[in-house]
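Chain naming here is simple, since letters A, B, ... match the order of the sequence lines and numbering starts at 1 in each.
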Protein chains: 2
Amino acid sequence: MFSVSARTQYAIRAMVCLARAEGRQLTTAEIAAAEQIPPKYLEGIMTALKNAGLVSGERGKHGGFRLLKAPADIPMLRIIEALDGSVMPVNCVHTPDLCSLGCSCMPRQFWIGLKDVIDAYMRDHSLQDIAEGNDHGH
Amino acid sequence: MFSVSARTQYAIRAMVCLARAEGRQLTTAEIAAAEQIPPKYLEGIMTALKNAGLVSGERGKHGGFRLLKAPADIPMLRIIEALDGSVMPVNCVHTPDLCSLGCSCMPRQFWIGLKDVIDAYMRDHSLQDIAEGNDHGH
DNA sequence: TATTTCCCTATCGGCTAAGCAGGAATATAC
DNA sequence: GTATATTCCTGCTTAGCCGATAGGGAAATA
Ligand code: FES
Ligand code: FES
């Protein structure tokens with residue numbers, strides 16, 4: 001349960017890779033080789049990260065991707081949301097209509113609380129924490 | 001991301017149903033009707049709950065399922081584990097060999113910390129909390 | 001013996017994730 | 001201005017899982 005998709009894991013590894021580059025531009029081919037990610041698949045992931053405003057992509061020779069913010073200013077939550085939308089244990093957390101039992105459904109509060117806990121954890125860990133192997137949050 | 005399977009949601013609703021019955025036996029048909037769960041599908045879920053030692057099933061006339069412990073003594077974590085194995089964001093949390101980058105992989109600690117946070121939340125909320133609409137844990 | 005219920009096994013359709021392919025747009029280099 | 005490197009876009013295929021169903025066997029009761 002609660003498995004993280006390969007797509008998301010790839011994205012995080014790619015971001016760590018960029019964080020280590022410290023502003024230097026890296027091509028998808030370079031990142032793919034360093035992190036052992038299917039190159040063509042990585043392209044789509046970088047697009048998602050770009051659309052979320054986390055990285056900037058420049059085309060042509062000497063093109064590539066670079067971070068748009070300092071790693072310390074990028075909460076992990078941002079990266080996850082860039083790929084999978086928001087962290088949401090059950091769909092009815094956002095749209096209660098989906099539950100046939102209506103507003104009186106007990107588990108709902110439980111899921112909302114879980115979402116809050118996960119969100120908080122991911123907000124309190126920045127990309128820099130990961131890149132530096134720092135496990136105690138910010 | 002982090003979507004909870006219908007199977008797990010069904011299981012929790014069924015357990016809440018049993019908690020309200022306060023020891024009285026309920027048949028799968030009764031639970032299915034009350035919680036709007038496909039009856040045949042629910043059978044498989046109850047089997048999983050039984051194998052996990054959470055409920056006891058008795059066959060024959062006047063058979064059915066009942067809780068084996070008081071709702072207050074059943075952490076939600078137990079229910080989740082009964083269905084999906086353990087809460088494990090990425091497979092390499094348990095078996096690091098799966099990561100091609102080996103022990104030096106940075107994100108690993110991040111996932112382990114996330115697992116701990118989720119586990120703690122689910123351990124601190126009992127079935128009774130859910131059944132009573134109590135959202136502040138034990 | 002009949003009935004009710006849990007239990008076991010197998011199967012199906014639909015959906016999504018993972019990865020691949022081909023090419024169009026754009027920036028540099030010579 | 002032609003060649004080259006790179007991002008970008010669009011669509012496709014495959015494999016695997018999830019939800020659900022079907023049919024029947026085993027046990028407990030009446
Ligand atoms: S509101 Fe989510 S299961 Fe009822
Ligand atoms: S150990 Fe999990 S991604 Fe490397």
Taking side chain as C-beta onward, heavy atoms only, is [X] less than 4.5 Å from [Y]?
{"X": "A:Arg13", "Y": "A:Ile31", "value": "no"}
{"X": "A:Met122", "Y": "B:Phe110", "value": "yes"}
{"X": "A:Pro71", "Y": "A:Ile74", "value": "no"}

With a 4.0 Å limit, can you tell me whether [X] has a side-chain N or O closer than that to the phosphate oxygens OP1/OP2 of [N]?
{"X": "B:Thr28", "N": "C:dC6", "result": "yes"}
{"X": "B:Tyr41", "N": "D:dC18", "result": "no"}
{"X": "B:His62", "N": "D:dA28", "result": "no"}
{"X": "A:Lys50", "N": "D:dT7", "result": "no"}
{"X": "B:Tyr10", "N": "D:dG19", "result": "no"}

Between C:dA18, D:dT6, C:dG19, which one does the side chain of A:Thr27 approach most closely? D:dT6
What distance do A:Arg78 atom CZ and A:Asp73 atom CG have between them, rounded to the nearest 0.5 Å?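 Nearest 0.5 Å value for the CZ-CG distance: 10.0 Å.
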Quickly work out the [X] [atom1] to [N] [atom2] distance and round it to whole Å.
{"X": "B:Glu58", "N": "C:dC7", "atom1": "CD", "atom2": "P", "result": "10 Å"}
{"X": "A:Lys61", "N": "C:dC30", "atom1": "NZ", "atom2": "C1'", "result": "8 Å"}
{"X": "A:Asn51", "N": "D:dT7", "atom1": "CG", "atom2": "P", "result": "15 Å"}
{"X": "B:Arg66", "N": "C:dC6", "atom1": "CZ", "atom2": "C1'", "result": "14 Å"}
{"X": "B:Leu42", "N": "C:dC6", "atom1": "CG", "atom2": "P", "result": "9 Å"}
{"X": "A:Arg7", "N": "C:dT16", "atom1": "CZ", "atom2": "C1'", "result": "12 Å"}
{"X": "B:Ile37", "N": "D:dT21", "atom1": "CD1", "atom2": "P", "result": "13 Å"}
{"X": "B:Arg59", "N": "C:dC8", "atom1": "CZ", "atom2": "P", "result": "7 Å"}

Reckon A:Gly44 touches a base, only the sugar-phosphate, or nothing at all at heavy-atom distances under 4.0 Å? nothing
Above 12 or not: heavy atoms from other molecules or residues under 6.0 Å from CZ of B:Arg7? yes
Which residue, A:Gly60 or B:Gly60, contacts DNA chain D at a nucleotide closer to its 5' end, judged by nearest heavy atom? A:Gly60
Classify the side chain of B:Glu43 and the base of C:dC6 as holding, or not holding, a donor-acceptor pair under 3.5 Å. no
Does any donor-acceptor pair link the side chain of A:Lys40 with the base of D:dG11 at a separation under 3.5 Å? no
